[in-house]
2 protein chains.
Amino acid sequence: MSQKDAGVDLDKSLGYLLKEASSALRAAMEEVLRPLGMTVTHYSCLELLAQRPGLSNSELARGAFVTRQSMNVLLQTLERDGYVTRPAAPPVGKALPARLTPSGRRSLEKASAAVRSVELRMLSGLTEPEQTAAFGILGSMIHSLRDGGDAAG
Amino acid sequence: MSQKDAGVDLDKSLGYLLKEASSALRAAMEEVLRPLGMTVTHYSCLELLAQRPGLSNSELARGAFVTRQSMNVLLQTLERDGYVTRPAAPPVGKALPARLTPSGRRSLEKASAAVRSVELRMLSGLTEPEQTAAFGILGSMIHSLRDGGDAAG
DNA sequence: TGACTCATGTCAGTATTCTGACATACGGTG
DNA sequence: CACCGTATGTCAGAATACTGACATGAGTCA
């Protein structure tokens, strides 16, 4: 009731829009990943590993925006299912470098294609200059949020 | 190891950046909301209610990007703590219109100021034209994601 | 060498959210 | 009036992620 016809002049703050966009992206990714039996975090881990082989559990966790503990649970599943391998003993320190197996790489290929289609759809409404601008804008927002605004010149 | 000095040329896809920005924003919000004993979803619900009094549980859920079930749990807590009121019986249909109590409104004021400071910090790295562009860009991305790209002219 | 700090992996418990399912209430249609 | 599709609130169970805490390994410094 009053969902589509009401003006919905809610916040329309950039923060709300950002959350809305992120939510829409996640939903779209889940939709195309589900038929492949993969979750977004699942995919993120594999993609991270493909681009930077040998990442440790903690590094993977940071890259996927989850805790070490959550990523560890996921890695155990991926390892059990044969998508990822980790040495029995750490080569140095405590960090166990993870790597994709051929099976993991194959699985990632399909998922990667699916996700790419979502990203292309997301970009389809933007002009090239807008796409370039989006990179800079999001980058600036992240930087300001992390370093504390304009204080960290 | 190799976290700050490595190039981190990861995806750098717009999707990843969007997730990164959203994650940074959420973390920043949690940080300023925690001293007030509030979570992000908690705050979102109150803010939604302030701007659109009488929203139902389902409508609030959509606005906060969670399920009806999750929002219902939250609403019960907010009701118990005296921040929100709902009539015992639905005036029409099954939807129970929720409203902020004076206590809820007071609580929201502080939270709102805190969140606003975060949003200002996020915007501090952007020029005015960039801020305007950000609205349009995020809006376009959401639209394309929801309606299926350029197919829905 | 010994103490200190930091990062990592891991265990345990908790919290939050989600999926599935059901009954109810409104609106449209025959 | 009866039927059907949609939307809502709600209950129950499962999945997921988080916080807290601990021991280990590496680097630094006296």
Side-chain angles (χ1 to χ4, degrees), chain A residues 1-6 19 22-23 26-27 29-31 33-35 37-45 48 54-81 84-98, chain B residues 1-6 19 22-23 26-27 29-31 33-35 37-45 48 54-81 84-98:
Chain A
M1 44 187 76
S2 76
Q3 174 200 180
K4 51 170 66 171
D5 46 6
K19 187 174 180 180
S22 182
S23 175
R26 189 179 187 85
M29 286 177 67
E30 282 173 349
E31 190 177 343
L33 250 23
R34 189 172 312 124
M38 244 188 240
T39 67
V40 174
T41 310
H42 194 118
Y43 158 76
S44 298
C45 178
L48 243 10
L55 281 186
S56 71
N57 176 37
S58 289
E59 291 170 323
L60 250 12
R62 279 193 292 270
F65 309 102
V66 296
T67 60
R68 300 192 300 260
Q69 293 87 335
S70 295
M71 181 54 73
N72 195 33
V73 171
L74 173 59
L75 272 181
Q76 287 173 0
T77 303
L78 291 176
E79 218 173 349
R80 172 175 59 78
D81 294 348
V84 167
T85 54
R86 281 189 292 180
V92 59
K94 292 191 68 179
L96 290 171
Chain B
M1 48 185 76
S2 74
Q3 175 201 178
K4 52 170 68 170
D5 46 4
K19 186 175 180 179
S22 182
S23 174
R26 188 178 187 86
M29 286 177 68
E30 282 174 348
E31 190 177 344
L33 251 22
R34 190 172 311 125
M38 241 187 242
T39 67
V40 174
T41 310
H42 193 120
Y43 158 76
S44 298
C45 178
L48 243 11
L55 282 186
S56 70
N57 176 35
S58 289
E59 291 169 323
L60 286 170
R62 279 192 291 270
F65 308 104
V66 295
T67 60
R68 300 192 300 259
Q69 294 87 336
S70 296
M71 179 54 73
N72 195 33
V73 171
L74 174 59
L75 272 180
Q76 287 174 0
T77 303
L78 291 176
E79 217 172 353
R80 172 174 60 78
D81 294 348
V84 168
T85 55
R86 281 188 293 181
V92 59
K94 292 191 68 178
L96 290 171

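All chains are named by letter (A, B, ...) in the order of the sequence lines, taking the proteins before the strands, and each is independently numbered beginning at 1.
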Measure from NE2 on B:His42 to P on C:dA15 and round the result to the nearest Å.
16 Å
B:Phe65 has an atom CZ; how far is it from atom P of C:dC18, in whole Å?
12 Å
Spacing of B:Glu31 atom CD relative to D:dC18 atom P, expressed in whole Å
17 Å
Tell me: CE of B:Met71 to C1' of C:dT16, nearest whole Å?
13 Å
What is the separation between atom CZ on A:Arg62 and atom P on C:dA7, rounded to the nearest whole Å?
8 Å
Determine: side-chain N/O of B:Thr41 to OP1/OP2 of C:dT17, distance under 4.0 Å, yes or no.
yes
Is A:Arg68 near enough to D:dA21 that one of its side-chain N or O atoms lies under 4.0 angstrom from OP1 or OP2?
no
Could you report the tightest heavy-atom contact between A:Leu60 and A:Met71, atom names first, then the distance?
O-CE, 3.5 Å
End-to-end axis angle, where each axis spans five pairs of the helix from C:dT1-D:dA30 to C:dG30-D:dC1, to 10°
30°
Distance-minimising heavy-atom pair for A:Leu48 and A:Ala64
CD2-N, 3.8 Å
My understanding is that only residues two or more places apart in sequence, or in another chain, count here; which of them pass side chain to side chain donor-acceptor pair (under 3.5 Å) with A:Ser44?
none
Go nucleotide by nucleotide along DNA chain C from the 5' end; which of B:Lys94 and A:Ser58 gets its closest nucleotide reached first?
A:Ser58
Exam field: side chain B:Glu59 to backbone B:Ser56, donor-acceptor pair closer than 3.5 Å
yes
Hey, does the side-chain of B:Gln69 have a donor or acceptor N/O within less than 3.5 Å of a partner on the base of C:dG20?
yes
Rounded to whole angstrom units, what separation is found between the CD atom of B:Glu30 and the P atom of D:dA17?
15 Å
Restricting to non-hydrogen atoms, name the atom on B:Pro97 and the atom on B:Ala95 that form the minimum distance, rounded to 0.1 Å.
CD-O, 3.4 Å
Within this structure, what is the CZ-to-P distance between A:Arg34 and C:dC18, rounded to whole angstrom?
13 Å
Under 4.0 Å between a side-chain N/O of B:Asn72 and OP1 or OP2 of D:dG9, yes or no?
no
Please state how far atom CD in B:Glu59 lies from atom C1' in D:dT8, giving the value in whole angstrom units.
10 Å
Looking only at heavy atoms, the pair that brings A:Val84 and A:Ala98 closest together is CG1-CB, 3.9 Å
Respond yes when some side-chain nitrogen or oxygen of B:Thr67 is under 4.0 Å from OP1 or OP2 of C:dC18, and no when none is.
yes
With a 4.5 Å limit on heavy-atom distance, are the side chains of B:Met29 and B:Arg26 in contact?
no
Tell me whether the OP1 or OP2 atom of C:dC18 has a side-chain N or O from B:Ser70 closer than 4.0 Å.
yes
